[in-house]
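The structure under discussion appears below in the form of structure tokens.
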Amino acid sequence: MNPGRDAAEAPVPSPDAPYDADRAFRELLRGLRVWDHPLPSFDASQAPDAPLPLFRRWLREAAEAGQPEPHTMTLATADAAGDPSVRIVMLHDADERGWHFGSHRGSRKGRELADRPRAALLFYWAAVGRQVRIEGTVTAADPGESAAALHGRSTGSLAAALVGRQSEVLGSAAELDRAADAAWDRAVREPDAPVPDWTRYTLRAETAEFFQGDARRRHVRLNYRKDGATWRRELLWP
Ligand SMILES: Cc1cc2nc3c(=O)[nH]c(=O)nc-3n(C[C@H](O)[C@H](O)[C@H](O)COP(=O)(O)O)c2cc1C
């Protein structure tokens, strides 16, 4: 194994020195890098008038560059007191109506969105050094559209939705095993099984920011802001 430059420069710990977990962790962090591989350039002056085509292009380029799971995104919501929470969800579609995802109405995020239908999405695609932030208002689709969207997805997605009770406290792993097995059997047997709690949500963007990372930290940030029927574009300091 080649120890590399960092290892060669690291002080050799005495065999009697106690293991310092804090220090080891800090050194691990310091040894990690971002933007240390060739990245695409981004000419913001050539960007389209609206964020959707650019988003679609960047997602495709992230997938082509080998970014694992580029269609997963961080969804931030807030409760009625304004306390934030985040989690990963899957992007089901992005079109003129907005960015679509699915979840349980009774989950923490579902309850937060019912109280306060505002959210932020974040995509980070390390393979291309790109980040996209989208903010806006979220609407819940009606039961018919939600059901159609769920039943158009895989058996695994239906089985996961059928398990239900998302974000409730789980009594034991065995309880989940039984529920998951029953849900899977039902999803196979009944591909149109109803899941009334499962909801398709759509975030209508009001701002969308595209960040292109650069090895020399000369990052490009292009922000789109909705202004009536059109989008305003502005560069931001990195
Ligand atoms: C890769 C990945 C994809 C996920 N996709 C979804 C999803 O599409 N919908 C969903 O409700 N939860 C999804 N989850 C689970 C959420 O991150 C989260 O644990 C769950 O929705 C409960 O969140 P909440 O308690 O904040 O409501 C996904 C998790 C991961 C790691």
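Along the sequence shown, the residues carry numbers beginning at 1. Any value given below was found using the heavy atoms of this structure, including those in side chains, with hydrogens, waters and symmetry copies removed. Please read all numbers here as calculations on a predicted model, not as lab measurements.
- In summary, the side chains of D214 and H219 do not present any donor paired with an acceptor at a separation below 3.5 Å, with no hydrogens or angles considered.
- Here the two rings, on W58 and F42, have centers that are under 6.0 Å apart.
- A single hydrophobic cluster is not seen to contain both L113 and V195; linkage of ILVMFWY side chains at heavy-atom distances under 4.5 Å, directly or through other members, places them apart.
- Looking only at atom types and distance, the side chain of S85 has a donor-acceptor partner in the side chain of R87 under 3.5 Å away.
- With hydrophobic clusters built from ILVMFWY side chains whose heavy atoms lie under 4.5 angstrom apart, V138 shares a cluster with V89.
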Practice problem: Test salt bridge (charged side-chain N to carboxylate O under 4.0 Å, His left out) on D197 and R105 and set out the steps. | Solution: CA-CA 5 Å; D197 190 55; R105 198 185 290 267; 5.2 Å; no

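- A donor and an acceptor atom, one from each side chain of R204 and T137, are nowhere located under 3.5 Å apart.
- With no hydrogens or angles considered, no side-chain donor-acceptor pair links T77 and K109 at under 3.5 Å.
- For S167 against R108, the heavy-atom pair with the smallest separation is OG-N, 3.3 Å.
- Side-chain contact check for S103 and Q166: at least one donor-acceptor pair (N or O, by modelled atom type) lies under 3.5 Å.
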Exercise. Would you please test F210 and F55 for ring-ring contact (aromatic ring centres under 6.0 Å, His included) and show each step?
Key: CA-CA 8 Å; F210 294 76; F55 174 81; 7.1 Å; no

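- Using a 3.5 Å distance cut-off with no hydrogens or angles, the side chains of N223 and E234 do pair a donor with an acceptor.
- Grouped by direct or indirect side-chain proximity (heavy atoms under 4.5 Å, Ile/Leu/Val/Met/Phe/Trp/Tyr only), L176 sits with V163, L170.
- Side-chain atoms of D142 come within 3.5 Å of backbone N or O of E145 as a donor-acceptor pair.
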